[in-house]
Student: 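For reference, the structure I am asking about is given below.
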Amino acid sequence: MKKWIKLILLLLVFGQVTLVIAHAVVTDYSLKVTPIHANQPGKVELTFNSKIELGLSQIFLVRKGDKHELLQTETGSKQGQIIIHIPALEPGDYAIRFKIFAADGHLTEDVIHFSVS
Amino acid sequence: MAGIADFLDSLIGGFDLICYSLTIGGLFWGLFVLRPWNNQDGYNAVLLQKTIALIYKGGFLLAAAQLFKIILKIWLMTAVLERWPFPEFAGTTQFVGGIIRTLLAIFLAGYCYQTLSKNPFSRAHWTTASIVALPMIISGAWLVHAAGRFDDRFMLMSLTVLHQLAAAAWIGGIFQLVNLWLLRQNNLVTAELWPLMLHRFSRFGIASVAMILVSGVPIAWQYIDTWNGLIGTGYGNLLIVKITLLVIALGFAWLNKSAVQEYGISGDHYALNNRVPYYIEAETVVLITLLFTAASLASQPPAIDISNLTASWQEVLNTFSPQIPQTSSPSHNALIAGEAGRVAIIDQVPSMAATEWSNYNHNIAGIFLTTMSFFAMLSYIKHLPSSFSAFDKYLPLTRYWPLGFVGLGIFLFFRSDAESWPLGPISFWDSTFNNGEVLQHRIATLLVFTLGMIELSARITKNPHSKLAFVFPILAAFGGLMLLTHSHVGFQAKSAFLIQVGHTTMGIFSLILACGRWLELKLDRPGKDIAGFISVAALFQIGIVLMFYREPLY
């Protein structure tokens, strides 16, 4: 009986949780007011609600067909700000997908959609 | 493997808080409740050794948990970033702070093991242990949610540490009460100690809860600035769960306090020995769940930061509004056809089939549970009203109601994750170990199936000393814990929250179901009958929530 309970408890311990929506969220981004123009390299500023460990974060450009391309990033002048360098793009729908390691130790994934015209 | 690393990370957060409560709460217990230097209270070496053992074991486990957290982070980052995270990780607050806290926890546990345990009656050694604990307590400030904030950072860090400290004092004290009761049951301490410690802890507990509120309210105020933020975000929802659990735990604390007062007036110790220990057991389960909920809360973005992703109270209410259950399912082909569009990043197309598939699963599970709870209620009845007396002969069959769990487990196994084996193309092992959500569903399925088999055996066994009946409340409590910390993976925070709110409601009812059944098995009448009824009523409520469940379309 005790073995049974131990076995079940062990299985249940491994049956815990995952919370992918975590602490770091984008509170503002430049695409709201400054769009990316076709065939011109551009910059996007993302502002997070938390301190970011940029060296442990990744930001991708997602093209049609969900093709991913790792983007160059740098720390912005404001707190929690990241600047992303966007290559020249043809008109169409795109997304920025990011994996962010916040200073409080949480990894967050999220997506921002945008269009180039 | 990222799925496993991700969900172990969440699990270890709750375990960390339990160990912290054992250690820090144990020290508070020694200093303010036990006060071992008062030899006139009739303490013995066994009591002191067991008390201190809980403190240093908690400390060593805390250090192990802290180290495991760091290893897990490395594992998780390697999996997510697809590269080795050093040297960057070595410079982060999480790594530096985590290592420092590990060392400080080892130092504290080592002191208690080496020195305090050899001088258990010395006030000076208890005081020194508390001073040794201080740096470890303070170091935790750099590992909490507030450490990453920009505004009022140090105030929030300090308040969070104070909040953790007050919670540890209360919960650690409850752990020590359970320890004392076990010693009392085995006649290893004098009988007089039990009412004495209960009396002292009542006052200490009130002070701890007051401090929890004093430190918690400004934190909540800072992270949730509107009523909508409280009602319509994951952060607010988990805070409401925490408050609900606190109220339930305080309900048990009030029952304990009443029993102590009654003993003080009448000298009758019946309730102290035959009810209070079981209330404390149930309270312990509630508080452990509260710690896991607190760990989950730390993973949620504060409501103040996601005002554009907050659900309205109407949307939240709509999740629970009565609706005719969906009893027909879209075909598996229709579901699979919509999956590529649903999970796409560019050109995403919401899948009606996926939403209806999920609604059907939840609604049918609700029908299973409400039907089972109806038969469960009947199983407590000896005779039906006279107009139905012809059916009296069938009443004994109602004790087989747990069979419904077996059927539900089989149903869930086939329906929970349609993209995985046996219905979908992804293999059993691949889906289980590479997707945290699928793993949770698999475990939940196993839990439900096992619950049914064991509870059925418990109800039909002829052995009066069988302990099988206790498995049901234990598994129900674990089920509640899973639901309270369950989250659906997705990029739509608002939709994910609307799913979460139903799951957390069911989690609270699962916990009530577990505690009710546990107390039904342990208490005498009339408490036994009241607890049993509350337990079955909670099962019915879970069924109702599931029957009316509607998933947002995205």
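All heavy atoms count here, side chains included; hydrogens, waters and symmetry mates do not. Sequence lines set the chain letters: A, B, ... in the order given, protein chains first and strands last, and positions in each chain run from 1.
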Student: Please classify the contact between B/Asp347 and chain A as side chain, backbone, both or neither, with a heavy-atom cut-off of under 4.5 Å.
Tutor: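 Contact with chain A involves the side chain of B/Asp347 alone.
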Student: Shortest non-hydrogen contact from A/Ala95 to B/Ile346?
Tutor: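 It is N-CD1, 3.4 Å.
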Student: Only counting residues at least two apart or in another chain, list the ones meeting side chain to side chain donor-acceptor pair (under 3.5 Å) with B/Glu88.
Tutor: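 Applying side chain to side chain donor-acceptor pair (under 3.5 Å) to B/Glu88 gives none.
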Student: Quick one: does A/Phe101's side chain get under 4.5 Å of B/Leu81's, heavy atoms only?
Tutor: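 Result no, sub-4.5 Å side-chain heavy-atom pair not found.
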Student: If I measure from the heavy atoms of chain B, does A/Glu53 come under 4.5 Å with its side chain, its backbone, both, or neither?
Tutor: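 Side chain of A/Glu53 only, per the 4.5 Å heavy-atom cut-off to chain B.
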Student: Would you give the length of the straight line joining atom NE2 of A/His106 to atom CD of B/Gln300, rounded to the nearest 0.5 angstrom?
Tutor: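 With rounding to 0.5 Å, NE2 (A/His106) is 9.5 Å from CD (B/Gln300).
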Student: Identify which part of B/Arg442 has an atom lying under 4.5 Å from any heavy atom of chain A, answering side chain, backbone, both or neither.
Tutor: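 Contact with chain A involves no heavy atom of B/Arg442 at all.
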Student: Which residues, numbered in order, of residues 60-69 of chain A come under 4.5 angstrom of chain B by heavy-atom distance?
Tutor: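 Within residues 60-69 of chain A, the residues that come under 4.5 Å of chain B (heavy atoms only) are A/Val62, A/Arg63, A/Lys64, A/Asp66, A/His68.
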Student: For chain B, which of A/Asp93, A/Leu56, A/Thr27 has the most heavy-atom pairs under 4.5 Å?
Tutor: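 Between A/Asp93, A/Leu56, A/Thr27, the count favours A/Leu56.
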Student: Within this structure, what is the CG-CG distance for the pair B/Asp151 and A/Asn49, rounded to the nearest 0.5 Å?
Tutor: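 Separation between the atoms: 10.5 Å.
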Student: Which region of A/Phe48, side chain (C-beta onward) or backbone (N, CA, C, O), has a non-hydrogen atom less than 4.5 Å from a non-hydrogen atom of chain B, or is it both or neither?
Tutor: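 For A/Phe48, the backbone is the part near chain B, not the side chain.
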Student: Please find the pair of heavy atoms, one from B/Gly148 and one from A/Ala103, that lie closest to each other, and give the distance.
Tutor: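 Reported closest heavy-atom pair: CA-CB, 4.1 Å.
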